[in-house]
There are 2 protein chains.
Amino acid sequence: MLTATPTDRVWRALADPTRRSLLDVLARRPHTTAELVERFPDLCRTGVMKHLDVLEEAGLLMVRREGRVRWNRMNAMPIQRIYDRWVSKHVRGMASAASRFKEHVESSHKPKTRRKGRDR
Amino acid sequence: MLTATPTDRVWRALADPTRRSLLDVLARRPHTTAELVERFPDLCRTGVMKHLDVLEEAGLLMVRREGRVRWNRMNAMPIQRIYDRWVSKHVRGMASAASRFKEHVESSHKPKTRRKGRDR
DNA sequence: GCAACATGTCACTATCTGGTGACATGTTGA
DNA sequence: TCAACATGTCACCAGATAGTGACATGTTGC
C-alpha cells in the first residue's frame with residue numbers, strides 16, 4: 001500500500017482484532033510496552049510492537065518516552081473521524097431505510113384494529 | 001485468517017478503500033455487476049467481483065440473480081453492528097465537544113488552502 | 001439457432017501482513 | 001561498574017490479499 005491516505009491507515013489499523021483489543025486496553029489507561037506484552041501472552045514482544053507501530057502510524061496511539069520505558073496512550077480522534085466521515089452516513093441511512101421499511105409494512109398491512117399513527 | 005468471526009469479516013471488508021467506495025455507490029441504489037464494473041474503470045471485472053465476494057461474505061452485500069444479471073444491494077446492518085459494539089464506545093466519552101467544535105470551525109471557516117483530495 | 005452478453009470460475013502473480021528469533025542500544029539501581 | 005531491564009531494529013518466513021487473463025456457462029433477443 002504505497003499510497004495510503006490518513007483515513008485509510010485508520011481503517012487498516014482497525015481491521016485487525018488484536019489491534020482493536022490493544023485499543024480496548026489502552027482506552028482505560030496508558031500502558032508501557034512491557035505491560036502490554038504481558039497482557040497479550042499469545043504474541044511475542046516484537047509482534048506487539050509491530051501492532052503498536054501500525055496504530056501509531058494511524059494516529060491512534062501517542063507515544064511518550066520516559067527513561068527506559070515507553071508510555072503508549074490511545075488517541076480516539078481518528079475513530080471519531082471515520083465515524084463522522086463514513087460510518088455515520090451509513091448508520092443513519094440504515095435507520096431511515098429501516099423506518100421506511102417499517103412504514104411500508106405498516107401501510108401495506110392495513111391493520112384494521114390499529115391506527116397508522118405511532119401508538120406505541 | 002482461518003478463524004474469522006462475523007464481526008471481523010466486516011472490519012476486514014471495510015478496510016479496503018475500493019470496497020468502501022463500492023458501498024458508497026450501492027448505498028444510493030442496487031447495481032448490477034456490469035454497472036459496477038463500468039463505474040470502476042481501474043479494475044477488471046474479476047477484481048470487482050472479488051471485492052463483491054468479500055462484501056457478501058461480510059453480510060454487507062445482498063445478491064439477487066435475475067436472468068443473466070445479478071443485482072447487488074447493500075446491507076448496512078453489519079455497519080450498525082460494529083458501530084454499536086465497538087465504535088460507539090470509543091467515540092462516546094471522547095471530547096465530543098472538542099471535536100464538534102473543531103468541525104464547526106472548519107466548516108464555517110472555508111479553508112483557503114484546499115485539502116488534498118477527498119480521501120474517503 | 002446463435003451471436004452477444006453477463007456472469008462464474010480457475011490458475012497465476014506480486015505485494016502486504018502478521019508473526020518469529022537474534023542481536024544492539026540506552027537506562028536503572030545496587 | 002555492571003547486570004538486569006526495556007526498548008529498538010533487523011532479517012526472515014508463511015499465508016492472506018488484490019489484482020490479472022483465459023476460459024466456461026447460462027440468458028437474451030433477433
Side-chain angles (χ1 to χ4, degrees), chain A residues 1-26 29-58 60-73, chain B residues 1-23 25-26 29-58 60-73 120:
Chain A
M1 192 59 42
L2 293 185
T3 57
T5 66
T7 296
D8 208 49
R9 276 193 282 272
V10 177
W11 278 107
R12 294 210 179 262
L14 296 181
D16 187 274
T18 301
R19 283 192 291 265
R20 290 197 301 279
S21 221
L22 277 164
L23 289 179
D24 285 336
V25 169
L26 291 172
R29 63 168 182 81
H31 285 66
T32 69
T33 306
E35 284 175 334
L36 290 174
V37 170
E38 200 172 1
R39 267 176 168 269
F40 288 78
D42 292 351
L43 271 69
C44 70
R45 185 181 58 90
T46 317
V48 171
M49 288 204 59
K50 275 197 174 185
H51 283 304
L52 294 179
D53 285 347
V54 174
L55 291 172
E56 192 180 8
E57 277 297 301
L60 288 159
L61 183 75
M62 309 303 267
V63 173
R64 201 188 74 225
R65 257 152 281 249
E66 191 178 280
R68 74 180 151 178
V69 310
R70 148 179 163 158
W71 285 99
N72 304 278
R73 179 170 59 80
Chain B
M1 192 57 44
L2 292 186
T3 58
T5 66
T7 295
D8 209 49
R9 277 193 282 272
V10 177
W11 278 108
R12 294 208 179 264
L14 296 181
D16 187 274
T18 301
R19 283 193 288 268
R20 290 196 302 278
S21 219
L22 277 164
L23 289 179
V25 169
L26 291 171
R29 63 168 181 82
H31 285 65
T32 69
T33 305
E35 285 175 333
L36 290 174
V37 171
E38 201 171 359
R39 268 175 167 272
F40 289 78
D42 292 350
L43 269 71
C44 71
R45 185 181 58 90
T46 316
V48 171
M49 288 204 56
K50 276 199 175 182
H51 283 303
L52 294 179
D53 285 348
V54 174
L55 290 171
E56 193 180 7
E57 277 297 302
L60 289 158
L61 183 74
M62 309 303 267
V63 172
R64 201 188 73 225
R65 257 153 281 249
E66 189 179 279
R68 73 178 151 181
V69 309
R70 147 178 163 157
W71 285 99
N72 304 279
R73 179 170 59 80
R120 43 178 118 85

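Note on naming: letters A, B, ... go to the chains in the order of the sequence lines (proteins, then strands), and numbering restarts at 1 for each one. None of these values were measured; they are calculated from a predicted model.
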### A/Asp16, nearest nucleotide to its side chain (from C/dT7, D/dG8, C/dG18)
C/dG18
### Message
Please check if the number of heavy atoms outside B/Glu57 that lie under 6.0 Å from its CD is greater than 12.
### Response
no
### Atom-pair distance (CG on B/Leu36; C1' on C/dA6), nearest Å
13 Å
### Message
Does C/dG19 have its OP1 or OP2 closer than 4.0 Å to a side-chain nitrogen or oxygen of A/His51?
### Response
yes
### Message
Strictly below 4.0 Å, N to O, side chains only: are A/Arg39 and A/Asp24 in salt-bridge contact?
### Response
no
#### Entry: Whether B/Arg9 side chain and B/Ala4 backbone form a donor-acceptor pair below 3.5 Å
yes
### Message
Among C/dT7, D/dT17, D/dT9, which nucleotide has an atom closest to any side-chain atom of A/Thr46?
### Response
D/dT9
### Message
Enumerate the salt bridge (Lys or Arg N to Asp or Glu O under 4.0 Å) contacts for residues 61-71 of chain A, please, sequence neighbours excluded, ordered by first and then second residue.
### Response
A/Arg64-A/Glu66
### Query
Considering heavy-atom distances to DNA chain D, does B/Arg19 or B/Glu66 have its closest nucleotide positioned more toward the 5' end?
B/Arg19
### Message
Just the rounded figure in Å: distance from C1' of D/dA18 to CZ of B/Arg20.
### Response
15 Å
### Query
Atom CD of B/Glu57 to atom P of D/dA18: distance rounded to whole Å?
13 Å
### Task
Apply side chain to side chain contact (heavy atoms under 4.5 Å, CB included) to the pair A/Asp8 and B/Arg20, showing each step before the final yes or no.
CA-CA 10 Å; A/Asp8 208 49; B/Arg20 290 196 302 278; 3.0 Å; yes
### Query
D/dT7 phosphate, OP1 or OP2: any side-chain N/O from A/Thr33 under 4.0 angstrom?
yes
### Message
Tell me the interatomic distance from A/Asp8, atom CG, to D/dA18, atom P, rounded to whole angstroms.
### Response
11 Å
### Query
For DNA chain C, whose closest nucleotide is more 5', that of B/Trp71 or that of A/Val54?
B/Trp71
### Query
Which of the following nucleotides, C/dA6, C/dT9, D/dT7, is nearest to the side chain of B/Ala34?
C/dA6
### Message
Rounded to whole Å, please give me the gap between CE in B/Met49 and C1' in C/dG8.
### Response
6 Å
### Query
Please give, in whole Å, the distance from D/dT17 P to B/Leu55 CG?
13 Å
#### Entry: Rounded distance in Å - NZ (B/Lys50) to P (D/dA18)
9 Å
### Query
Hey, is CD on B/Glu35 packed in by over 12 heavy atoms from elsewhere, all under 6.0 Å?
yes
### Summary
Within residues 37-45 of chain A, the residues having a heavy atom closer than 4.0 Å to DNA chain D are A/Arg45
### Query
Taking CG from A/Asp53 and P from D/dT9, how many angstroms apart are they, rounded to a whole number?
9 Å
### Message
If we ignore hydrogens and angles and just use 3.5 Å, is the side chain of B/Arg19 paired with the main-chain N or O of B/Leu14 as donor and acceptor?
### Response
no
### Query
Base, sugar-phosphate alone, or nothing: which one does A/Gly67 contact when heavy atoms must sit under 4.0 Å apart?
sugar-phosphate
